[in-house]
Every structure is written in C-alpha cells, then in structure tokens.
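One structure below.
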Number of protein chains: 2
Amino acid sequence: MDKALQQEIDQLHAEICQCLADPRRISILYALSDGPKNVGALMESVGMDRPTASRHLKVLRERSMVRTERDGVSIYYSLADDRVIQALDLLRAVLAELLAKRSALAEALE
Amino acid sequence: MDKALQQEIDQLHAEICQCLADPRRISILYALSDGPKNVGALMESVGMDRPTASRHLKVLRERSMVRTERDGVSIYYSLADDRVIQALDLLRAVLAELLAKRSALAEALE
DNA sequence: TTCATATGTCCGCTTTCACGTATATATTAA
DNA sequence: TTAATATATACGTGAAAGCGGACATATGAA
C-alpha cells in the first residue's frame, strides 16, 4: 500500500485508540454497554463531576464512538459500535493474564 | 465490585490502550505481527529514526506489549500477545465503517 | 416570559507526551 | 584493549490533554 496513505490510516486508527486511553472514558463505555444513559446517570455510575463528564463525552462523540439522542431536556448517550467493547474486552483479558503472571511471580518469592 | 478496585483496573486498562494510541506504535505492532524483527528492520519498515523507534519500543516494553530477545549485537522484538492485534483489527474495522459512511455522505452531496 | 433543570463550554493551571540532537551503553571482532 | 556496530537514554522544547470552578445554552413547565 502507498506509504503516505498507510500513515494516514494509522493516524486515524490511533485517534480511535486515543479515545480508549483514559480510565474515565473506559468506565463510560462499559457503563453504556448496559444500554443508553443520560449524562446524570453516567456521572453517577462513573463518579465524575459535570465538566469532566462533558469533556470526555465530547471526545467520544467527536470520534463517533458514541451516539446521542435528545429526549426532552435529557440527552441519552449510547454506544455507536459494540466492537469497541469487544476490543476493550480483549485488551482486558491481556491485562488479566499479565497480572496473573505477576501474581505467580510474587508467590514464588515467598 | 469495589469502586476503588474498579478504578485501579480501569487505570491499568487505560495504560494498555495508551500504548496503542500512537500511529508509530500501531505501525510497529503490525510490523511485528509478521514475526520478530530487530530495531533496524523496524526502523526500515516503519520509517522512523532510531531515537523515535527506541522511545516507542520502550513504551511497548514497559507495558509488556512486546518481548525482547538479544541475539549477539541485535535485539529482536516480538509481540507478547496476539490478542492485541485482534483488538486493533476490530477497531480498524470500526474505523473502516465510519469512513465508508462518510464517503457515502460525500457522494450523496454531489 | 420567567424559572428550573439538564447539558455544554471557557478559563487558567498543571501534567504528560512526542520530537530531534547529542550522548551513553553493550556486544563482538580485531 | 580498541574500534565498530546496534541499541538505549538524557535533555530541552513545544504541543496536547486533563482538571475543577465559573459561566453559557437549551428545553420544558408555570
């Protein structure tokens, strides 16, 4: 493939990954995997103040990781694509294995 | 689950995602999915200078996303877990769909 | 129109991160 | 031990991202 084109794809790919590279946003995405929620419910379930929630939701919105739908005065957020959760689950499994290995090392030290 | 514990997991989860949130590192990981490579070969295939390659490799090493093995004067890097590539592929598929939708919109405008 | 509620943005501040140049380390061969 | 090769780090700089408090907007009801 063309080198410049490949770089542009990698850039966009990295921007999507960037969305996932924050613990609050991960928490938000898993909260939404249960179903749509408005901002208040998300603040509650993730434990953030309003500006923080809004900022992170904006990041996710701008990268099209979440969708919004207004219902009266509330705005409901939902996942745009379940594969994002699948990807997060894969990485979480990798993490689990890393931690298990470290735990085994720790036990071997005793 | 305990809230503080959950936050700590999300933090580690985010640190893994952080590894993926850079176009150079994505390029490195895909290059390694073909098999182990030393730094020189990676520089070639990804098109970076040495300090840049070393820095990114350090990030991937510290998060255990890659393994290293010395062979004489060369150091060979390899993927620590193929599921990282699986996760990247899922996200790339999400990206492809997003771009396809935008492309359809662009055509509809003509 | 005025008020209350839900959501979003702006500001200053601090931290993190990526870059390139120059320098350091480690391994092998002479 | 010296030189050569392959790899890694240190440093200064500039850009980007996160935070919380104050402010702004939009919808619906009185």
Side-chain angles (χ1 to χ4, degrees), chain A residues 7-8 10-29 31-32 35-78 80, chain B residues 4 7-8 10-29 31-32 35-80:
Chain A
Q7 281 188 2
E8 196 168 339
D10 287 340
Q11 175 64 40
L12 294 169
H13 201 167
E15 286 175 14
I16 287 187
C17 294
Q18 178 71 31
C19 289
L20 312 179
D22 182 283
R24 317 287 192 124
R25 291 197 289 269
I26 288 178
S27 185
I28 288 174
L29 289 168
L32 291 180
K37 286 189 174 55
N38 63 18
V39 180
L42 281 172
M43 284 170 51
E44 169 80 18
S45 102
V46 177
M48 326 183 252
D49 56 35
R50 194 171 294 284
T52 300
S54 265
R55 247 183 309 104
H56 287 303
L57 287 170
K58 183 182 187 181
V59 173
L60 293 170
R61 239 187 301 128
E62 285 176 345
R63 304 281 206 267
S64 302
M65 296 294 101
V66 297
R67 272 194 256 276
T68 62
E69 189 180 2
R70 183 178 275 276
D71 176 21
V73 77
S74 286
I75 294 182
Y76 281 84
Y77 280 80
S78 56
Chain B
Q7 282 187 3
E8 196 168 339
D10 287 340
Q11 175 64 40
L12 294 169
H13 201 166
E15 285 174 14
I16 287 187
C17 294
Q18 178 69 32
C19 289
L20 313 180
D22 182 282
R24 317 288 192 122
R25 290 197 289 271
I26 289 178
S27 184
I28 288 174
L29 289 168
L32 291 180
K37 286 188 173 57
N38 63 18
V39 181
L42 280 171
M43 284 170 52
E44 170 80 19
S45 102
V46 177
M48 333 183 244
D49 55 35
R50 196 172 293 284
T52 299
S54 266
R55 250 184 305 104
H56 287 302
L57 287 169
K58 183 182 187 181
V59 173
L60 293 170
R61 238 187 303 129
E62 284 176 345
R63 304 284 206 266
S64 302
M65 296 296 100
V66 298
R67 272 194 256 275
T68 61
E69 190 181 0
R70 184 178 274 278
D71 177 21
V73 77
S74 286
I75 295 183
Y76 280 83
Y77 280 81
S78 56
L79 284 184

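Here is how names work: the chains are called A, B, and so on, in the same order as the sequence lines, proteins then strands, and each is numbered from 1.
Applying the 4.0 Å criterion to OP1 and OP2 of C:dA6, one finds that A:Arg70 has every side-chain N and O outside that range.
The interatomic distance linking B:Lys37 (NZ) with D:dA6 (P) rounds to 17 Å, in whole Å. With rounding to whole Å, B:Arg25 atom CZ is found 13 Å from C:dC19 atom C1'. In this structure, CE of A:Met43 is placed 9 Å from P of C:dT7, rounded to the nearest angstrom. Rounding to whole angstrom units, CD of residue B:Glu15 and P of C:dT15 are separated by 18 Å. For the pair B:Leu20 CG and C:dC17 P, the computed distance is 14 Å after rounding to whole Å. Atoms CD (B:Glu69) and C1' (D:dT7) sit 16 Å apart, rounded to a whole Å. Atom-to-atom, CG of B:Asp49 to P of D:dT7 comes out at 14 Å; the value is rounded to the nearest Å. One interatomic measurement links the two molecules: CE of B:Met48 to P of C:dG20, which rounds to 11 Å at whole-angstrom precision.
For residues 72-79 of chain B, proximity to DNA chain D is found at B:Val73, B:Ser74, B:Ile75, B:Tyr77, defined as any non-hydrogen atom under 4.0 angstrom from a strand atom.
Comparing D:dG18, C:dA18, D:dT7 by their closest approach to the side chain of B:His56 singles out C:dA18. Of the candidates C:dT7, C:dC19, C:dC17, the closest approach to any side-chain atom of A:Arg50 belongs to C:dT7. Among D:dC19, C:dT9, D:dT7, the nucleotide with an atom closest to any side-chain atom of A:Arg55 is D:dC19. With D:dT9, C:dT9, D:dC19 as the candidates, the nucleotide lying closest to the side chain of B:Arg61 is D:dT9. Distances were taken from every side-chain heavy atom of B:Val39 (C-beta onward) to each of D:dA8, D:dA22, D:dG18; the shortest belongs to D:dA8. Closest approach to the A:Lys58 side chain among C:dT9, D:dA26, C:dC19 is made by C:dT9 (side chain taken as heavy atoms from C-beta onward).
Taken from CG in B:Asn38 to OH in B:Tyr77, the straight-line distance is 10.5 Å, to the nearest 0.5 Å. One finds the CD1 atom of B:Ile75 at 9.5 Å from the CG atom of B:Leu57 (value rounded to the nearest 0.5 Å). Interatomic distance, CG of B:Leu32 versus OH of B:Tyr76, reported as 12.5 Å (0.5 Å rounding).
The closest donor-acceptor contact from the side chain of A:Asp71 to the backbone of A:Ser74 lies at 3.5 Å or more, if one exists at all. Under the 3.5 Å distance criterion, the side-chain polar atoms of A:Arg70 are matched with a main-chain donor or acceptor of A:Gly72.
More than 12 heavy-atom neighbours from other residues, nucleotides or ligands sit within 6.0 angstrom of CD on B:Gln11.
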Determine all donor-acceptor pairs shorter than 3.5 Å in which one atom belongs to a side chain in residues 16-29 of chain A; sequence neighbours excluded.
unit_1: A:Asp22; atom_1: OD1; unit_2: A:Arg24; atom_2: N; d: 2.8
unit_1: A:Asp22; atom_1: OD1; unit_2: A:Arg25; atom_2: N; d: 3.4
unit_1: A:Arg25; atom_1: NE; unit_2: A:Cys19; atom_2: O; d: 2.7
unit_1: A:Arg25; atom_1: NH1; unit_2: A:His56; atom_2: ND1; d: 3.1
unit_1: A:Arg25; atom_1: NH2; unit_2: A:Gln18; atom_2: O; d: 3.1

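Using a 4.0 Å heavy-atom cutoff across all strands shown, A:Thr52 reaches sugar-phosphate atoms only and no base atom.
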